[in-house]
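Bear in mind the structure is a predicted one, so any value in this text is a computation, not a measurement. Keep in mind that the numbers below use all heavy atoms, side chains included, and drop hydrogens, waters and symmetry copies.
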Amino acid sequence: VTDNDDVESLELRQTLVSLVNIMIDAWANGSKINDEAIEHVEGWLHFLKTGEMMMNEKQEEEKKKSLVVIGPDEESYRGVVKAYIRTQKGEYLEQALQLLEEMRCTSEHPNNIIYPSTLT
């Protein structure tokens, strides 16, 4: 493994995370934020965290794991939190707070002050 391989790997990871973030953002910014949208944003975040796609029971039998765990970035979390907040449902607002706490605890640079503009 050379330094060039490390650079290519990092660039590929950043590209993959960006593509998944586009999917998260599309569901979070849709005109209809409902349970289906939440399932999608949670599924994409789960994929970034574990390398596994969240599937329904029929697909569960054919479940395949990704070769690598990509890892979400701040934008990934922000998109999911935005979707939670846009539902305006108490259960999802609680999940938004939990996700923000998870984000704070796992970040290399935790932000203890969260402004409303960050969430909307």
Is [X] linked to [Y] within one hydrophobic cluster, defined over Ile, Leu, Val, Met, Phe, Trp and Tyr using a side-chain heavy-atom separation of less than 4.5 Å?
X	Y	result
Met103	Ile24	yes
Ile38	Leu48	yes
Ile33	Leu97	no
Leu16	Ile22	no

Salt bridge (Lys or Arg N to Asp or Glu O under 4.0 Å) partners for Glu101, two or more places apart: Arg104

Results of side-chain contact (heavy atoms from CB on, under 4.5 Å) for Asp73 - residues two or more places apart only: Val17, Asn21, Glu75, Ser76

Partners meeting side-chain contact (heavy atoms from CB on, under 4.5 Å) with Asp25 (sequence neighbours left out): Asn29

Pairs touching residues 87-106 that satisfy ring-ring contact (aromatic ring centres under 6.0 Å, His included), sequence neighbours left out: Tyr84-Tyr92

ring-ring contact (aromatic ring centres under 6.0 Å, His included) contacts in which one or both residues fall within residues 7-32, not counting sequence neighbours: Trp27-His40

From OG (Ser18) to CE (Met23), nearest 0.5 Å: 14.0 Å

Atom pair CD/CD of Glu102 and Gln95 - distance to nearest 0.5 Å: 11.5 Å

Smallest separation among heavy atoms of Arg13 and Ile70, with atom names: NE-O, 2.9 Å

Nearest heavy atoms of Val41 and Ala83, plus distance in Å: CG2-CB, 3.9 Å

Selection residues 83-94 - residue pairs positive for salt bridge (charged side-chain N to carboxylate O under 4.0 Å, His left out), sequence neighbours left out: Asp35-Lys89

Evaluation steps, side-chain contact (heavy atoms from CB on, under 4.5 Å), between Val80 and Trp44: CA-CA 9 Å; Val80 177; Trp44 284 113; over 6 Å; no

Any Val81 side-chain heavy atom under 4.5 Å of Ile85 side chain: yes

Validation row: Asn34, Thr87 side chains within 4.5 angstrom (heavy atoms): no

